[in-house]
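The structure appears right after this line, and notes come after that.
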Amino acid sequence: MNEVLLSIRNLNATYNADSNRSIHAIRDLNIDVLRGEVLALVGESGSGKSTMGLSILRLIESPHEIKGNITFNGVDEQVSVFDLDPYKIREFRWKKVAMVFQSAMNILNPVMRVEAQFIDTFEAHGIIDDYDKRINHYLELAGLGKKVRRLYPHELSGGMKQRVNIALALSCEPELLIADEPTTALDVVVQREVLYELRRLKEELNLTIIFITHDLGVASSIADRIAVFYAGRIVEINKKDEITNNPMHPYSKLLLSTAITLKTDKDSVLTQLEGTPPDLSVEIKGCSFYPRCPVRENACKSFTPNDQAKGEWVECIKPGAMNLKEVDNPRGERR
């Protein structure tokens, strides 16, 4: 599992909202994705998780800007994603890297049967034979029966739609699957089934998965490693057990304290994550979490984040210093 499948260096992504305002969604991001792992990206909305996924597939286009380098070390060849011409990038998408987008309800074409959406995908990527066999195979992989192929999206439940999306993403046999909030809006039972299917598919197909979520509890149920995003950067990355049992960054620790799982003690205190993320249209100096951090000190204002990409690290001037018992709990609630 130590072989690097995807390498991201100095990635910067900027959304140009208008002539006077630019949102720096990702700032100098460096990370390696290891072959065969499930890497979970966790953080609040707007932290840069989905932008990283879109950047890998080069789906951020003008007037927005993306800079840096993304190298994909595939089985057949090594490619620099930003150097691919329009034909090559079309081939790269779905055949090398595929994505399960957020909100299954809106992704499927409502006027096409499921099988037609598979055929549309096959034809777009030059697959011209064995349609029936392929469709049945990928539906079965995703835990669905053959009858589903003749149905329209409105005839499927939310969980079935998400499974169809997973099957479509796998239909061109990618090496890397990006799953962006695949369990959003699903009830807890269906959510668990989808997570189980993703983990099973990872093992059966030797897939590498980038799993994007705002829920650290969900991430801990599927991931091998967890990368915690905040304000367009990774503030902590480590093995799942290290993040869930002993997070070192104050933000990671606060995120964990707000996650309710089956293991949560009934007498544990519900910690409230105070404040809001910083304005990403303004240059951030020092630690981006400084305004919200319960253990901040003046030195944090001039702290220079590191740029490590491998292994485990934490962007904090005093990692592990925060004790949740010392954090005020104005709501005084218990979970």
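- Among all heavy-atom pairs drawn from Tyr290 and Cys300, the shortest one is CD1-CB, 3.6 Å.
- Between the CD1 atom in Ile26 and the CE atom in Met52 there is a gap of 7.5 Å [rounded to 0.5 Å].
- No side-chain donor from either of Thr14 and Glu65 sits under 3.5 Å from a side-chain acceptor of the other.
- Minimum interatomic distance between Arg90 and Ala124 (heavy atoms only, all atoms of both residues): NE-O, 3.4 Å.
- A donor-acceptor contact closer than 3.5 angstrom is absent between the side chains of Ser7 and Asn73.
- Inter-residue side-chain proximity for Met99 and Leu54 is flagged as met; some heavy-atom pair is nearer than 4.5 Å.
- Checked for salt-bridge contact, Arg58 and Asp83 miss the test: no charged N lies under 4.0 Å from a carboxylate O.
- Contact annotation: the side chain of Ile237 never approaches that of Val314 to less than 4.5 Å [non-hydrogen atoms, C-beta and beyond].
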Problem set entry | Intermediate values then yes/no, side-chain contact (heavy atoms from CB on, under 4.5 Å), Glu91 and Lys96 | CA-CA 8 Å; Glu91 188 178 63; Lys96 300 295 183 182; over 6 Å; no
For this session: Test side-chain hydrogen bond (donor to acceptor under 3.5 Å, both in side chains) on Asn12 and Arg27 and set out the steps.
Result: CA-CA 5 Å; Asn12 286 272; Arg27 304 177 296 118; over 6 Å; no
Problem set entry | side-chain contact (heavy atoms from CB on, under 4.5 Å) assessment of Thr71 paired with Val81 | CA-CA 6 Å; Thr71 304; Val81 176; over 6 Å; no
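- Once rounded to the nearest 0.5 Å, the distance linking CG of Asp28 with CD1 of Ile234 reads 12.0 Å.
- Across every non-hydrogen atom of Ala223 and Ile226, the tightest pair is CB-CG1, 3.9 Å.
- Evaluated for a salt bridge (Lys or Arg N to Asp or Glu O under 4.0 Å) with Glu37, the options Arg225, Lys202, Lys240 yield exactly one hit, Arg225.
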Problem set entry | Leu254 vs Phe289, side-chain contact (heavy atoms from CB on, under 4.5 Å): CA-CA, chis, key distance, verdict | CA-CA 12 Å; Leu254 287 168; Phe289 192 58; 3.8 Å; yes
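- Of the possible polar contacts, one joining the Glu236 side chain to the Met248 backbone as a donor-acceptor pair under 3.5 Å is found.
- With respect to the salt-bridge test (charged N to carboxylate O, under 4.0 angstrom), the residues Glu315 and Arg233 qualify.
- Across Ala13 and Thr51, no two heavy atoms sit closer than the pair CB-CG2, 3.6 Å.
- A search for salt bridge (charged side-chain N to carboxylate O under 4.0 Å, His left out) contacts involving Glu204 returns Arg200, not counting sequence neighbours.
- Residues Ile56 and Leu6 are in side-chain contact: their nearest non-hydrogen atoms beyond the backbone lie under 4.5 Å apart.
- Screening residues 116-128 for side chain to side chain donor-acceptor pair (under 3.5 Å) gives no qualifying pairs among residues at least two apart or on separate chains.
- Between Asp32 and Arg9, at least one side-chain N (NZ, or NE/NH1/NH2) sits under 4.0 Å from a carboxylate O, which counts as a salt bridge.
- Side chain of Arg113 to main chain of Leu151: no donor-acceptor pair is present (N/O by atom type, distance under 3.5 Å, no hydrogens or angles).
- A salt bridge links Glu44 to Arg292: one of the charged nitrogens lies within less than 4.0 Å of a carboxylate oxygen.
- Side-chain contact between Ile135 and Ile119 is present, with at least one heavy-atom pair separated by less than 4.5 Å.
- One finds a salt bridge joining Lys318 and Glu297 here, because a Lys/Arg side-chain nitrogen approaches an Asp/Glu carboxylate oxygen to under 4.0 Å.
- Residues Leu144 and Tyr152 are members of separate hydrophobic clusters, defined by side-chain heavy-atom contacts under 4.5 angstrom among Ile, Leu, Val, Met, Phe, Trp and Tyr.
- Side-chain contact between Leu280 and Tyr15 is absent, with no heavy atoms from C-beta onward closer than 4.5 Å.
- In terms of heavy atoms, Gln191 sits closest to Thr183 at CG-CB, 3.4 Å.
- Note that CZ of Phe72 is 11.0 Å distant from CG of Leu84, once rounded to the nearest 0.5 Å.
- Tyr131 and Phe118 have their aromatic ring centers separated by at least 6.0 angstrom.
- Around atom CD of Glu155, more than 12 heavy atoms belonging to other residues, nucleotides or ligands sit under 6.0 Å away.
- You'll find the side chain of Leu255 reaches within 4.5 Å of the side chain of Val42, heavy atoms only.
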Determine all donor-acceptor pairs shorter than 3.5 Å in which one atom belongs to a side chain in residues 166-181; sequence neighbours excluded.
residue: Ser171; atom: OG; partner: Leu168; partner atom: O; Å: 2.6
residue: Glu173; atom: OE2; partner: Tyr138; partner atom: OH; Å: 3.0
residue: Glu175; atom: OE1; partner: Arg35; partner atom: NH1; Å: 3.2
residue: Glu175; atom: OE1; partner: Val75; partner atom: N; Å: 3.2
residue: Glu175; atom: OE2; partner: Val75; partner atom: N; Å: 3.4
residue: Asp180; atom: OD1; partner: Ser50; partner atom: OG; Å: 3.1
residue: Asp180; atom: OD2; partner: Ser50; partner atom: OG; Å: 2.9
residue: Glu181; atom: OE1; partner: Thr184; partner atom: OG1; Å: 3.2
residue: Glu181; atom: OE1; partner: His214; partner atom: ND1; Å: 3.3
residue: Glu181; atom: OE2; partner: His214; partner atom: N; Å: 3.2
residue: Glu181; atom: OE2; partner: His214; partner atom: ND1; Å: 3.1

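- For the atom pair Asn10 CG and Ile70 CD1, the distance stands at 11.5 Å (nearest 0.5 Å).
- Under the 3.5 Å distance criterion, the side-chain polar atoms of Asn16 are matched with a main-chain donor or acceptor of Pro63.
- A donor-acceptor distance shorter than 3.5 angstrom exists from the side chain of Asn136 to the backbone of Asp132, with no hydrogens or angles considered.
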For this session: Run the numbers on Val38 and Thr208 for side-chain contact (heavy atoms from CB on, under 4.5 Å), then give the verdict.
Result: CA-CA 6 Å; Val38 178; Thr208 303; over 6 Å; no
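- Looking only at side-chain heavy atoms (C-beta outward), Leu41 and Ile210 come within less than 4.5 Å of each other.
- Side-chain contact between Glu197 and Arg163: present, with at least one pair of heavy atoms (C-beta onward) separated by less than 4.5 Å.
- The main-chain N or O of Lys133 is never found under 3.5 Å from a side-chain atom of Asp130 such that the two would form a donor-acceptor pair.
- Rounded to the nearest 0.5 Å, atoms CD1 (Ile66) and CZ (Phe82) are 3.5 Å apart.
- Looking at Thr213, its side chain does come within 3.5 Å of a backbone N or O of Asp215 through a donor-acceptor pair.
- Comment: Asp224 engages Arg199 in a salt bridge, judged by a side-chain N to carboxylate O separation of less than 4.0 angstrom.
- For His249 against Cys316, the heavy-atom pair with the smallest separation is CD2-CB, 3.8 Å.
- Once rounded to the nearest 0.5 Å, the distance linking CZ of Phe211 with CD1 of Ile222 reads 5.0 Å.
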